[in-house]
Protein chains: 2
Amino acid sequence: MSETVKVLLADDQALVRGALAALLALEPDLEVVAEVGRGDEVVDAARRSGAQVCLLDIEMPGIDGIAAAAAVRDELPGVRTLVVTTFGRPGYLRRALEAGASGFVVKDTPARQLAEAVRRVHAGLRVVDPSLATESLVDGANPLTEREREVLRVALRGGTVAAIAGQVHLSAGTVRNHLSAAIGKTGTSTRAEAARVAQERGWL
Amino acid sequence: MSETVKVLLADDQALVRGALAALLALEPDLEVVAEVGRGDEVVDAARRSGAQVCLLDIEMPGIDGIAAAAAVRDELPGVRTLVVTTFGRPGYLRRALEAGASGFVVKDTPARQLAEAVRRVHAGLRVVDPSLATESLVDGANPLTEREREVLRVALRGGTVAAIAGQVHLSAGTVRNHLSAAIGKTGTSTRAEAARVAQERGWL
DNA sequence: GCCTGCCCGTGACAGGTGTCATGGCAGCCC
DNA sequence: GGGCTGCCATGACACCTGTCACGGGCAGGC
């Protein structure tokens, strides 16, 4: 059982990816066997390389790290996933765990803890950033309904209600109602704020 | 002249910082002599450690990497700075060069090129991401006036015109005028969009 | 069956927003 | 000085927004 742990790295920023590889290469019991820059390449690369643990950034082109974790869970049982992200948004944590991720680490944790997190995940343990575990509880579940999320996602890019209504194929009045509900639920006063807050909380 | 180049690392994400340190440690001619997580600690740490090249992330608490580069230029002549950032926004490049940075590298450049960039900067050369150099020219200069930028920065956080007017100590009507001008100059139709676009272009 | 919750739509209303015209003030350059 | 530009402010106008009240439809749970 003293063989090395095979790790796959997924991050869209080549520099960060390479740096993380260098960091993990310092550990004699870890081996980086694959590196990808897109979420939709994770499953293929993991299968080909025989990776045992996948380190996934959330922000990636193709599909994001959370969706990639779900894909790995569905198609490669036995392969563990560890989500590493810039933003410690509580909603991300919840969604990552729902997607079957075994671990969730924020990018401002000390570098030395990363290797340890990989080992724990490989051992079947669950690794969760402690600062987020508590926040996640007080934040509670997503109060937004499906339509409200859809409208908010479009509203994130800006534009008038009419423009949003066109993209969602609803009437302008309905869009205003959904936005009004979202504004109420986020405790804000404009739809721009509501969209920003909702995104920060991982509600979209 | 075959001595090692002393490098300071500044990035708010500890994991990335450690990973970059590991990456640079692979190069025998480079030596990481200091690591900081805040922009306002750069000058002190560089002075103490005798760093010759400072690797600065832009997004940092305290002061950002661009302001830190300006501070290094003013207080530590002879010390070169290399700005490394996630977003390849043309405005960032221009501002970084104005702040006296000797190099500008985006985080999705290949990991191997980082060490080479550090060497070139230390040798007195200027290193600029080629994909940005052209974009920077077509984008042109910042068309926004000082007041417009100020109002937009506040508008970025959302809120009504009255709230913005209060924070900027102007009348609501004037704020509307500035916002209207900014909307025109950004080619958008709402102030939320204008603020977003302006920030993406590094105009704020 | 009834009730609840979510969805979609309409209409109306107060207030916010974006645009424009106008004026005054300061600084700068020819 | 005259012209120009940027800044601040005011007022007016049409339009957009956020809110509320009201319907109707559809699913799930008691």
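Because the structure is a prediction, the values reported are computed rather than measured. Reminder, nothing fancy here: chain letters follow the sequence lines and each chain counts from 1.
Rounded to a whole Å, the NE2 atom of H169(B) is 18 Å from the P atom of dC7(D). Note: CZ (R191(A)) to P (dG18(D)) measures 5 Å, nearest angstrom. Whole-Å rounding puts the E148(A) CD to dT19(D) P distance at 12 Å. Going from atom CZ of R176(B) over to atom P of dT17(D) covers 15 Å, rounded to whole Å. Counting to the nearest Å, the P atom of dG18(D) and the NZ atom of K185(A) are 16 Å from each other. Here dC20(D) presents its C1' atom at 14 Å from CD1 of I183(A), a figure rounded to the nearest Å. When rounded to the nearest whole Å, the span between CG of L144(B) and C1' of dG6(D) equals 13 Å. Between L179(A) atom CG and dT19(D) atom P there is a gap of 10 Å when expressed in whole angstrom units.
Contact check, S189(A) against dG18(D): no side-chain N or O comes under 4.0 Å of OP1 or OP2. Between H178(A) and the phosphate of dC7(C), there is no side-chain N or O to OP1/OP2 separation shorter than 4.0 Å. Neither OP1 nor OP2 of dG16(C) sits under 4.0 Å from any side-chain N or O of T160(B).
Contact of the E116(A) side chain with the V118(A) side chain is not registered, since no non-hydrogen atoms from C-beta on lie closer than 4.5 Å.
The pair E27(A)-R119(A) meets the salt-bridge criterion, since a charged nitrogen lies less than 4.0 angstrom from a carboxylate oxygen. Between R17(A) and E35(A), at least one side-chain nitrogen of the basic residue sits less than 4.0 Å from a carboxylate oxygen of the acidic one, meeting the salt-bridge criterion. A salt bridge links R147(B) with E150(B): the distance from a Lys NZ or Arg NE/NH1/NH2 to an Asp or Glu carboxylate oxygen falls below 4.0 Å. Looking at D11(A) and K107(A), a side-chain N of the basic residue comes within less than 4.0 Å of a carboxylate O on the acidic one, giving a salt bridge.
Using a 4.0 Å heavy-atom criterion, one finds that R147(A) contacts the sugar-phosphate atoms exclusively.
Between E146(B) and N177(B), the residue whose closest nucleotide on DNA chain D is further toward the 5' end is E146(B). When each of T188(A) and T174(B) is assigned the nucleotide of DNA chain D bearing its nearest heavy atom, the one mapping closer to the 5' terminus is T174(B).
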